Amino acid sequence: MSEFWLSEEQFERLRPLLPNKIRGVARVDDRRVISGIIHVVKSGGRWVDAPACYGPRKTLYNRFERWAAKGIWQEMFVTLAAAGGPPVEVLIDSTHMKAHRSAGGGKGGRSSRRSGSAEVAETASSTRSPTAKVARSASC
């Protein structure tokens with residue numbers, strides 16, 4: 001997957017929503033870190049697989065976790081959604097569930113089967129009919 005970078009315009013919309021209280025060491029480039037976080041989340045990859053161009057992977061993970069705990073991501077999404085405007089992209093949820101490989105129908109795959117009431121009316125092909133049993137015993 002190609003790298004993702006926020007444009008200057010996109011980052012300027014986010015800048016007022018970011019926490020600005022700096023304690024201790026100055027924060028690294030917010031635009032780079034947020035772009036890295038979005039890249040990892042979009043690709044569905046692991047934090048350790050983030051490209052090095054986004055900076056230390058531990059920084060990406062720590063920033064994501066801290067801001068999630070403080071509700072900063074939620075506040076960002078709500079504020080940006082309230083800004084309105086037509087969506088640039090329409091997303092479809094791709095939630096899936098794992099199932100066993102034979103969960104789709106069993107041996108032979110999916111085939112048309114008769115309803116249970118039709119099967120009850122007929123005798124099973126593996127059992128002998130009562131008339132055949134009588135005819136056989138009479139000839140002995």
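From a predicted model like this one, the values you see are computed outputs, not experimental measurements.
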query: For the atom pair CZ (Arg66) and CD1 (Ile72), what is the distance rounded to the nearest 0.5 Å?
result: 11.0 Å
field: Inter-residue atom distance Leu60.CG - Ile38.CD1, 0.5 Å rounding
entry: 11.0 Å
field: Trp73 side chain to Phe64 backbone, donor-acceptor under 3.5 Å
entry: yes
query: Are Asp30 and Arg63 within salt-bridge range, i.e. N to O under 4.0 Å?
result: yes
- prompt: Can you name the closest pair of heavy atoms from Trp67 and Pro19 and give their distance?
  reply: NE1-CG, 3.6 Å
- prompt: Any donor-acceptor pair under 3.5 Å linking the side chain of Tyr54 with the backbone of Phe4?
  reply: yes
- request: Write down the atom of Trp5, the atom of Cys53, and the distance for their closest heavy-atom approach.
  value: CH2-O, 3.7 Å
message: Closer than 3.5 angstrom, by distance alone: can the side chain of Gln10 be matched with the main-chain N or O of Ser7 as a donor-acceptor pair?
response: yes
- request: Output the distance between atom CH2 (Trp47) and atom OG1 (Thr59), rounded to the nearest 0.5 Å.
  value: 11.0 Å
query: How far apart are the C-alpha atoms of Asp49 and Val40, what are their side-chain angles, what is the distance that settles it, and do they pass the side chain to side chain contact (heavy atoms under 4.5 Å, CB included) test?
result: CA-CA 8 Å; Asp49 295 332; Val40 171; over 6 Å; no
task: Please round to the nearest 0.5 Å and tell me the distance separating atom CG of Leu18 and atom CZ of Arg31.
output: 13.0 Å
field: CG on Asn62 to CZ on Arg57, rounded to 0.5 Å
entry: 14.0 Å
